[in-house]
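Report on the structure given below.
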Number of protein chains: 2
Amino acid sequence: MADVEEFVESAGLYFERLGLSRTAGRVMGCLLADTGEAADAPGLCERLGVAKSSMSVALNQLEQGGLIERYRPPRARRDHYRLTDDVFGRAFRAKMAEFAAFTALAEQGLDAVGDHPVARARLENMRDMYAFMAREFPKLLDRWDTERTDAHRPGGSD
Amino acid sequence: MADVEEFVESAGLYFERLGLSRTAGRVMGCLLADTGEAADAPGLCERLGVAKSSMSVALNQLEQGGLIERYRPPRARRDHYRLTDDVFGRAFRAKMAEFAAFTALAEQGLDAVGDHPVARARLENMRDMYAFMAREFPKLLDRWDTERTDAHRPGGSD
DNA sequence: CTAATTGTTCGGAACATTCCGAACAAGATA
DNA sequence: TATCTTGTTCGGAATGTTCCGAACAATTAG
């Protein structure tokens, strides 16, 4: 059986490849593996062995990306952090933004190449494909939501 | 109307965010915008103003990623490069590998957290969601293929 | 076989990014 | 109000990556 520390390090690597910093990725690992209900900045610093300044920027990075949210329990003096309800939904929607960006890139290309037929065909294919993905991917997310709801609440409606 | 150079630079930026190097991204921009039938290494070096060593690694990077292919016209002494037929299909399949990787990461986490119910629920959700995407995304690619074929060859079968 | 050209590999320089420690701002308690 | 704690910002060090120029291997023409 693997260790939790190993998982945290792996998470650091994996999320780093998504564009986050290493420490931000490790924070994600901590919040995924821990009870997550009581994570605060000093505790994460202690656990990951990073300066609180680095932790500050990492947490802001994650919050701005919508992956975590901070909350202040009543009468508490420090912020606490937890994963957003649909962390991965948001991650996928970020991917969607990438689809839209590449659609725009293809359009920029079409605007630049003029009427060269071969280049136009290539760029039109690129544009259409990314537009298709940007259009269809949200539906996939919706389907996931409904299927998961059905699986967890068979026959039930909220 | 935008300039081709601008588009090449934009492509450099955009593809860099996909994990490629800047020069590799600019090469993608060139191959997308140009006629693409006669791109060779010296020409790309000249056009992008990079050393041929950098061009060599960039082209190998792109070839290994399956985005471009090299071919040697008869009686030619230098290799030529062009985009693969389904460049973006391959790009999306690379994304799919990411889905599989995160599924595995979630499983590693489940293996690590033991029987903590909250963490387990979170990681199981993560695992199931990425597995769902890894399963459904190829179908989306297939649908794109069929729809595009239908649109370009109405009523025809190859 | 010799010479020339194409493509790869390697060492070092330039560059960007990340992180830490220290100074600073903001809020709460006594 | 004074003090303590929390969180942010800034300058500098360290790290990792990318790129260039030079040396090397491989192929082709003469």
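Side-chain atoms are counted along with the backbone in the values below, which use heavy atoms only and exclude waters and symmetry mates. Note on naming: letters A, B, ... go to the chains in the order of the sequence lines (proteins, then strands), and numbering restarts at 1 for each one.
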Practice task
Could you check Asn60(B) against Arg70(B) for side-chain hydrogen bond (donor to acceptor under 3.5 Å, both in side chains), going step by step and ending with a plain yes or no?
Solution key: CA-CA 10 Å; Asn60(B) 279 324; Arg70(B) 76 178 67 199; 2.9 Å; yes

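- Distance check, rounded to the nearest 0.5 Å: CG of Asp3(A) to CD of Gln108(B) gives 10.0 Å.
- With rounding to whole Å, Tyr71(B) atom OH is found 13 Å from dG7(C) atom P.
- At a threshold of 4.5 Å between non-hydrogen side-chain atoms, the residues Phe7(A) and Leu110(B) do not count as touching.
- Using a 4.0 Å cut-off on heavy atoms, none of the residues of residues 19-28 of chain A approach DNA chain D.
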If you restrict it to nitrogen or oxygen atoms, what contacts under 3.5 Å exist between nucleotides 25-30 of chain D and the protein, and what is each distance?
none

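- A straight line from CG of Leu44(B) to P of dC19(D) spans 14 Å, rounded to a whole angstrom.
- Side-chain contact between Arg47(A) and Asp34(A): present, with at least one pair of heavy atoms (C-beta onward) separated by less than 4.5 Å.
- For the ring-ring contact (aromatic ring centres under 6.0 Å, His included) criterion with Trp144(A), the lone passing option out of Phe137(B), Phe132(B), Tyr130(B) is Phe132(B).
- Using a 4.0 Å cut-off, some side-chain N or O of Arg70(B) falls inside it from OP1 or OP2 of dT8(C).
- Across all their heavy atoms, Leu32(A) and Met126(B) have their closest contact at CD1-SD, 4.0 Å.
- Interface residues of residues 51-66 of chain A facing DNA chain C, ordered by number: Ala51(A), Ser53(A), Ser54(A); criterion, heavy-atom separation under 4.0 Å.
- Across the protein-nucleic acid pair, Asp40(B) atom CG and dT5(C) atom P stand 15 Å apart, rounded to whole Å.
- Leu31(A) is not connected to Val57(A) by any chain of hydrophobic side-chain contacts under 4.5 Å among Ile, Leu, Val, Met, Phe, Trp and Tyr, and they are in different clusters.
- Between Ile68(B) atom CD1 and dG7(C) atom C1' there is a gap of 14 Å when expressed in whole angstrom units.
- For the atom pair CG of Leu59(A) and SG of Cys45(A), the computed distance is 8.0 Å after rounding to the nearest 0.5 Å.
- Closest non-hydrogen pair, Leu48(A) versus Thr23(A), comes out as CD1-O, 4.5 Å.
- Taking the six-membered ring for Trp, Phe92(A) and Phe99(B) have ring centres closer than 6.0 Å.
- Ring orientation note: the planes of Phe102(B) and Tyr14(A) are nearly perpendicular, at an angle over 60° on the 30°/60° scale.
- Taking atom CG of Leu13(B) as the reference point, atom C1' of dA16(C) lies 14 Å away to the nearest angstrom.
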